[in-house]
Peer 1: 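Structure provided below as structure tokens; questions to follow.
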Amino acid sequence: SKNGHDFAVGDHVVYPAHGVGQVQGIETQEVAGLKLEVYVITFDHEKMTLRVPTAKARTAGLRALSETGVVSKALTTLKGRARVKRTMWSRRAQEYEAKINSGDIMVLAEVVRDLYRSDRQPEQSYSERQLFEAALDRFAREVAAVKKLSEAAAVSEINEVLECLGPEMSPSNGQRHLAVFGLTIMDRHPPSIQEGADSQTVSHAARSQPQDPGLWRQRHLEARHRT
């Protein structure tokens, strides 16, 4: 019974900065001489316990699990075209991190979609991979809780959706890739400085290399063999 509370003991809830947790109890604590009622929420994945004042739970962003229809819509979002802004990676990384901690499952799905790379595409940088895994983990835990699946099964379902995308779907916006440098070059815009490379290296690569990354890699390997 909720007894006038938004959440009852045993409810799964979502807290923006930590994802899916479970209400283990409702306690009254004394803080600075004042009695304060709090939800005691455990997050097994992070092995932590959080106490959130019941009166400010909604303000803090604590919410119930998404409805099944919302989860289905979020999974459909994964099938959309990736939207990658033409800005410096450091700025995009900050935006992705803010989205991951937003507590919004639709926004999480967009981050997973935009950062996903198939086996046919260049590998992600270390920081890209970290953000992708954080978004995937947070998204999968809510999918698992709503659909009553194990986290592993939820991750498999998400990956199946992502792997159905054609190579033209992710990333988009007229981008092409140079796998050897691990960079993203914009076809119609001056290249920006990316992680691990300076602007001269990027500009030279964009001007001098074939537009087909596969052909570029083949010529690169042939040149190394000759030397």
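What you see is a predicted model, and the numbers here were worked out from it, not measured in a lab. All values below were derived from every heavy atom in this structure, side-chain atoms included, with hydrogens, water molecules and symmetry-related copies excluded.
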Peer 1: Is there a side-chain contact between Lys79 and Val161 (heavy atoms, below 4.5 Å)?
Peer 2: yes
Peer 1: When the ring planes of Trp89 and Tyr96 are compared, do they come out parallel, tilted or perpendicular, using 30° and 60° as the limits?
Peer 2: tilted
Peer 1: Is any NZ, NE, NH1 or NH2 atom of the basic residue among Asp6 and Arg58 found under 4.0 Å from an Asp or Glu carboxylate oxygen of the other?
Peer 2: yes
Peer 1: Does atom CD of Glu97 have more than 12 heavy-atom neighbours from other groups under 6.0 Å away?
Peer 2: no
Peer 1: May I ask you to test the Val40-Ile26 pair for a side-chain heavy-atom distance under 4.5 Å?
Peer 2: no
Peer 1: Is the closest basic N to carboxylate O distance between Arg129 and Glu123 below 4.0 Å?
Peer 2: no
Peer 1: Pair Glu110, Arg83 - check side chain to side chain contact (heavy atoms under 4.5 Å, CB included), show working.
Peer 2: CA-CA 8 Å; Glu110 291 172 0; Arg83 299 174 182 177; 5.7 Å; no
Peer 1: Within a reach of under 6.0 Å around CD of Glu27, are more than 12 heavy atoms found that belong to other residues, nucleotides or ligands?
Peer 2: yes
Peer 1: Are Gln22 and Thr42 linked by a side-chain donor-acceptor pair shorter than 3.5 Å?
Peer 2: no
Peer 1: Could you tell me whether the side chain of Lys85 reaches within less than 4.5 Å of the side chain of Arg91, counting heavy atoms only?
Peer 2: no
Peer 1: Taking C-beta and beyond as the side chain, do Leu34 and Glu30 meet within less than 4.5 Å on heavy atoms?
Peer 2: no
Peer 1: Less than 4.5 Å apart, side chain to side chain, heavy atoms only: is that true for Ile100 and Arg138?
Peer 2: yes
Peer 1: Using modelled atom types and a 3.5 Å cut-off, is there a donor and acceptor pairing between side-chain atoms of Gln29 and backbone atoms of Val38?
Peer 2: no
Peer 1: Would you find a donor on one side and an acceptor on the other, under 3.5 Å apart, between the side chain of Tyr39 and the backbone of Phe7?
Peer 2: yes
Peer 1: Salt bridge check: are Glu142 and Arg63 linked by an N-O gap of less than 4.0 Å?
Peer 2: yes
